[in-house]
2 protein chains.
Amino acid sequence: MQNALLLKYEKFVRLSAAERAALMALTPGAKKRLRAKEDIVREGAAPQFVYLIVSGWACRYKTLEDGRRQIIAFLLPGDLCDLNALVLRTMDHSIGALTDVEYVEAPKKVFDQIAAEYPRLMQAMIWDGLVSASIQREWTVNLGQRTASERMAHLFCEIYHRLQAIEMAHDGRIILPLTQIDLADTVGISAVHVNRILQDLRARGLIQWRNADFFIPDLQALMRVGLFNPNYLHFDREGAHLDANE
Amino acid sequence: MQNALLLKYEKFVRLSAAERAALMALTPGAKKRLRAKEDIVREGAAPQFVYLIVSGWACRYKTLEDGRRQIIAFLLPGDLCDLNALVLRTMDHSIGALTDVEYVEAPKKVFDQIAAEYPRLMQAMIWDGLVSASIQREWTVNLGQRTASERMAHLFCEIYHRLQAIEMAHDGRIILPLTQIDLADTVGISAVHVNRILQDLRARGLIQWRNADFFIPDLQALMRVGLFNPNYLHFDREGAHLDANE
DNA sequence: CGAGCGATTGATCATAATCAAGCGATGTGG
DNA sequence: CCACATCGCTTGATTATGATCAATCGCTCG
């Protein structure tokens with residue numbers, strides 16, 4: 001697999017060979033592994049590193065006192081967790097593995113160096129953080145205004161677009177390693193209701209899903225159902241005016 | 001009224017006199033005024049400035065094709081809108097005035113200068129942006145997991161804490177200039193239902209609200225009802241190790 | 001004075017939660 | 001190798017939460 005982080009950044013700006021090399025060398029430490037359901041960092045902890053997801057799916061989540069869990073964001077390969085979380089002393093949420101996950105830890109000083117030497121790369125990192133914030137806002141809209149089936153459709157469209165950006169989607173097909181319970185905790189409805197919505201979407205020919213193989217026969221149709229507009233992902237090379245000219 | 005931005009930043013780090021002066025001089029332009037319901041920036045536009053709310057309440061919001069509106073964030077006096085939104089070419093949401101609003105526009109270069117000359121001040125600005133992101137995550141939890149009355153209670157607690165940080169809350173009393181429709185579009189329930197939840201909270205002695213005068217007799221009780229934990233606001237001077245020593 | 005807006009109330013309907021049970025696949029220990 | 005437990009998915013029945021529809025009231029403003 002190609003470097004997902006690199007692929008994603010090129011959705012914003014074209015990087016120079018030197019920048020690409022700096023990105024590849026970002027994380028000197030060894031790869032770490034985690035099993036599904038284990039935590040990378042827990043709420044209340046003091047984060048020491050920035051984490052880069054190499055493979056697998058992780059998520060940010062919060063739990064209420066009585067056990068209700070809300071998944072706040074999905075972390076996919078190439079996602080850097082909280083570039084500047086080092087400013088905040090304590091984590092206000094947890095990061096956990098949804099599948100088996102490989103990740104690397106990058107110390108803070110690496111980023112100081114990037115900021116100093118590769119301003120365009122730094123811009124790309126800031127852009128990435130702003131896109132995450134934009135996604136978070138869209139989730140607010142999703143939970144606040146859309147109906148259950150609209151929410152599910154919207155979520156699938158978002159996941160598809162994000163995976164496509166890192167070349168993990170082809171011809172409407174993706175690997176979706178989530179359980180229905182994960183989906184329930186993401187879109188804020190019960191697992192039973194998720195199951196019924198899925199059956200409805202299947203019956204309407206909008207999705208196919210067996211094991212982890214997920215297929216969207218007609219993306220435009222699913223986008224209409226979910227009132228999905230991809231603008232908020234900012235994948236249309238908004239940094240083109242900064243492109244490296246090599 | 002004191003400078004709200006300054007008051008807020010001091011919840012993170014103690015600033016030097018020079019930094020305080022730089023902050024006061026941030027926005028050379030004249031104050032602009034807007035009536036309630038007018039927009040500061042609209043989705044799709046290319047923002048030219050960073051906006052600082054001086055007085056009044058504004059909000060970020062998004063509208064679905066069929067008219068459903070979701071308020072995504074409240075912007076209170078001292079809130080700086082999207083310090084680094086200048087990286088993104090187009091707005092993915094709108095910013096509108098909920099009450100009459102006074103604001104000032106700050107050009108990008110002012111921030112380059114601050115970054116170069118006042119690193120501690122820059123840290124405070126980054127902290128502020130991270131707190132906004134944290135609030136957005138908490139809203140995701142609010143909409144996804146809490147019941148209607150929990151949501152309302154939680155929202156009131158959050159607003160109270162934020163106003164307290166800029167000294168606009170005293171002894172449980174705040175000015176709350178929102179309509180029930182605004183609240184409905186914020187917590188994702190219908191206006192009729194908001195009205196009924198409010199009556200319930202009133203009947204239980206948890207809130208009093210006449211015109212814009214809002215009173216919380218027992219904040220701890222309201223916090224329990226809303227499962228509210230203020231950690232996510234990061235108001236406990238997490239930057240104390242960076243304090244100016246004057 | 002009439003229009004418009006926000007708040008309020010009642011009645012009815014729709015969406016989604018909860019409770020309960022069963023199924024199939026997987027994995028584990030005796 | 002089988003018995004058993006667990007987990008995720010599925011289905012049905014019932015209940016609860018909140019939406020929708022409709023009407024009224026008070027207030028402000030032109």
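Lettering of chains follows the sequences in order, A, B, ..., and the numbering in each one begins at 1. The basis for the numbers below is simple: all heavy atoms, side chains too, and nothing from hydrogens, waters or symmetry mates.
The interatomic distance linking B/Ile189 (CD1) with D/dT17 (C1') rounds to 10 Å, in whole Å. When the C1' atom of D/dA16 is taken as reference, atom NE2 of A/His193 falls 14 Å away, rounded to whole Å. Nucleotide D/dG18 holds its P atom 16 Å from the CD atom of B/Gln180, rounded to whole Å. Distance CG (B/Asn195) to C1' (D/dA19): 14 Å, rounded to an integer number of Å. A straight line from CG of A/Leu178 to C1' of D/dC9 spans 15 Å, rounded to a whole angstrom. As a whole-Å value, the separation of A/Leu183 CG from D/dC9 P is 8 Å.
We find the OG1-CG distance between B/Thr99 and B/Leu176 to be 11.0 Å, quoted to the nearest 0.5 Å.
Taking a heavy-atom distance under 4.0 Å as the criterion, the stretch of DNA chain C touched by chain A extends 5' to 3' from C/dA16 to C/dC19.
A donor-acceptor contact shorter than 3.5 Å is absent between the side chain of A/Asp100 and the backbone of A/Arg35. Panel note: side chain A/Ser94, backbone A/Glu43; a donor-acceptor pair is recorded below 3.5 Å. For the pair A/Arg173 (side chain) and A/Asp213 (backbone), a donor-acceptor distance under 3.5 Å is absent.
For A/Thr140 and B/Gln70, the side-chain atoms include no donor-acceptor pair closer than 3.5 Å.
The shortest distance between the side-chain N/O atoms of A/Gln199 and the OP1/OP2 oxygens of D/dC9 is not below 4.0 Å. Put simply, A/Lys37 has no side-chain N or O that comes within less than 4.0 Å of OP1 or OP2 on D/dC7.
Counting non-hydrogen atoms under 4.0 angstrom, A/Arg68 reaches nothing in the nucleic acid. A/Arg202 comes within 4.0 angstrom of the backbone, heavy atoms only, and of no base.
When each of A/Leu155, A/Asp182, A/Ile53, A/Asp79 is tested with A/Phe74 by the rule side-chain contact (heavy atoms from CB on, under 4.5 Å), just one qualifies, namely A/Leu155.
Residue B/Thr147 places its side chain closer to D/dG18 than to any other of D/dA22, D/dG12, D/dG18.
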